[in-house]
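All chains are named by letter (A, B, ...) in the order of the sequence lines, taking the proteins before the strands, and each is independently numbered beginning at 1. When reading the values below, keep in mind they use all heavy atoms of this one structure, side chains included, and skip hydrogens, waters and symmetry mates. All values derive from a computational prediction rather than experimental measurement.
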Protein chains: 2
Amino acid sequence: MSLPHAILTALLEKPSSGLELTRRFDKSIGYFWSATHQQIYRELGRLEEAGLIRALPGQVPVRGRRKEYEVLPEGSAELARWVAGSQDPKPIRDPLLLRVRAAGVVGAQGLAGELRRHLELHRGQLAMYEAIEAKDFPPGRDSEEDRLRRLVLHGGIGLETFWLRWLEEALDEVPEVLEVPAAPERGPAAGVPE
Amino acid sequence: MSLPHAILTALLEKPSSGLELTRRFDKSIGYFWSATHQQIYRELGRLEEAGLIRALPGQVPVRGRRKEYEVLPEGSAELARWVAGSQDPKPIRDPLLLRVRAAGVVGAQGLAGELRRHLELHRGQLAMYEAIEAKDFPPGRDSEEDRLRRLVLHGGIGLETFWLRWLEEALDEVPEVLEVPAAPERGPAAGVPE
DNA sequence: CGTGCCATGTAAACAGTTACATGATTAT
DNA sequence: ATAATCATGTAACTGTTTACATGGCACG
């Protein structure tokens, strides 16, 4: 149940229309909470219904016409309540780790290439986060809000750094088995029932 | 679409009944792909329907009676195909990071306690992974499958280690604002529109 | 006045979670 | 017999994704 709170946060930082929010969920907010425009429009409707946000007054509600929202006091209160709340960390659920485990039983054909591809993607992501830190958080700015935003950014940096290290270890361990188009020839070590 | 492949992997490692699978998804497999028994039973039905697994022959199909499954050649082939496939890493979506960002706009009441709680949980998780490594992966065992399983375990260890470091940084940054039961008094720095 | 883009939305399918229901087996 | 527990399943709901639909506006 975090999407409404992500939207409240984004709108408190800056009142916006649905499409603007969508763009921001492709950037800053989206670096730790992603959402598509369909999710966003639906949730905006619900939040307005619930009285937590409202369209900026003086806007005719016409489909296809831009509609800006702002957060009502009720919305701020709800967000503060949520921040003070509690939620267990969710267990890991990562397809790449699963893929490696599966490779242990059916062989690692085609896996090394995918690992290299992920390595490149994570390198790019890390570089982007570091560019953001250099640009948006020069030493000196130090308000409470700045410090918390930098902290979140460090979360992203730490995660990407973890993946880089792990992928490097993985590329040392995973054998280079090229994908063979024909019949699945298997060595005796990777034998599978039947 | 990873749950069926998680189940195929688990069944290839050892043919099992639904409940056995459920228990294994609370342990080894579950450390990187969690699933509830409802998901598992539903998916077992689909996989059987699709001809990728079958109930061990010689078992009368009665509700409430244990039913063991094994993977058919079709299932192994499908899993191998999936391992060789490709899938972009999913963007980060973490409620705790979002909470910190939200704290930047509505204040950090109640946050520090939650961070400490998470720190303890992650410490426990890391200790468990390290115990598993010491117990199940003594130096010497070194088959292909062992190496890949250890690699996955290192993923878990790396992730928990990241969270520990980040939470320690966070506790340095997040002020100790105790939760006040009454009206939401806010300092000027955390002011919110309206 | 038509084409392209901006902006808001609807619909359907899929995945995951929570709550509940029911039959079979075992121990007392 | 009955209670506890093992084991399999249904149903309803929530959240996410993908594909599609529609209206407004700017520009040639």
message: Side chain of B:K67 only, heavy atoms from C-beta on: which candidate in D:dG9, C:dT17, C:dG9 is closest?
response: D:dG9
- prompt: Between atom CG in B:L56 and atom P in D:dA7, what is the gap in whole Å?
  reply: 15 Å
Distances under 3.5 Å between protein N/O atoms and the N/O atoms of nucleotides 18-20 of chain C, please, pair by pair.
unit_1	atom_1	unit_2	atom_2	d
C:dA19	N6	B:Q38	NE2	2.6

- line: Between CZ of B:R93 and C1' of C:dG16 the distance, given in whole Å, is 13 Å
- request: Scan for ring-ring contact (aromatic ring centres under 6.0 Å, His included) pairs involving residues 96-118 of chain B, sequence neighbours excluded, and state none if there are none.
  value: none
field: Rounded interatomic separation in angstrom, taking CD1 from A:I40 and P from D:dG15
entry: 15 Å
- prompt: C:dC5 P sits how many Å from A:R66 CZ, rounded?
  reply: 19 Å
message: Heavy atoms within less than 4.0 Å of DNA chain D: which residues of residues 15-23 of chain B have one? Give them sorted by number.
response: B:S17, B:G18, B:L19, B:R23
- request: Indicate the ring-plane relationship of B:Y31 and B:Y129, choosing parallel, tilted or perpendicular according to the 30° and 60° boundaries.
  value: perpendicular
- line: Rounded to whole Å, CD of B:Q39 lies from P of D:dA11 at a distance of 18 Å
message: So, using salt bridge (charged side-chain N to carboxylate O under 4.0 Å, His left out) as the criterion, who are the partners of B:E68 when residues are at least two apart?
response: B:R66
- line: Applied to residues 166-176 of chain A, the side-chain hydrogen bond (donor to acceptor under 3.5 Å, both in side chains) test, sequence neighbours excluded, yields A:R116-A:E176, A:E169-B:H154, A:E173-B:R147
- request: Using whole Å, report how far CZ of A:R42 lies from P of D:dT17.
  value: 11 Å
- prompt: Which whole-number value in Å describes the distance from A:K90 NZ to C:dT17 C1'?
  reply: 10 Å
task: May I have all residue pairs that pass salt bridge (charged side-chain N to carboxylate O under 4.0 Å, His left out) and include part of residues 92-110 of chain A, sequence neighbours excluded?
output: A:R101-B:E13
field: Results of salt bridge (charged side-chain N to carboxylate O under 4.0 Å, His left out) for A:E133 - residues two or more places apart only
entry: none
- prompt: For the residue pair A:G51 and A:E74, what are the closest heavy atoms and their distance?
  reply: O-CB, 3.6 Å
Under 3.5 Å between N/O atoms: give me all the protein pairs with nucleotides 24-27 of chain C, atom names plus distance.
unit_1	atom_1	unit_2	atom_2	d
C:dA24	O4'	B:G64	O	3.4

message: Is the phosphate of D:dG9 approached by B:Y41 (side-chain N or O, under 4.0 Å from OP1 or OP2)?
response: no
statement: Sequence neighbours excluded, the answer for side chain to side chain donor-acceptor pair (under 3.5 Å) partners of B:R24 is B:S16
- prompt: Among all residues two or more places apart in sequence or in another chain, which pass the salt bridge (charged side-chain N to carboxylate O under 4.0 Å, His left out) test with A:R46?
  reply: A:E43
field: Qualifying residues under salt bridge (charged side-chain N to carboxylate O under 4.0 Å, His left out), relative to B:D146, sequence neighbours excluded
entry: B:R141
field: Position toward the 5' end of DNA chain D (nearest nucleotide), A:M1 or B:Y69
entry: B:Y69
All side chain to side chain donor-acceptor pair (under 3.5 Å) counterparts of B:E130, not counting sequence neighbours: none
task: Provide, to the nearest angstrom, the distance between the CG atom belonging to B:D26 and the C1' atom belonging to D:dC6.
output: 15 Å
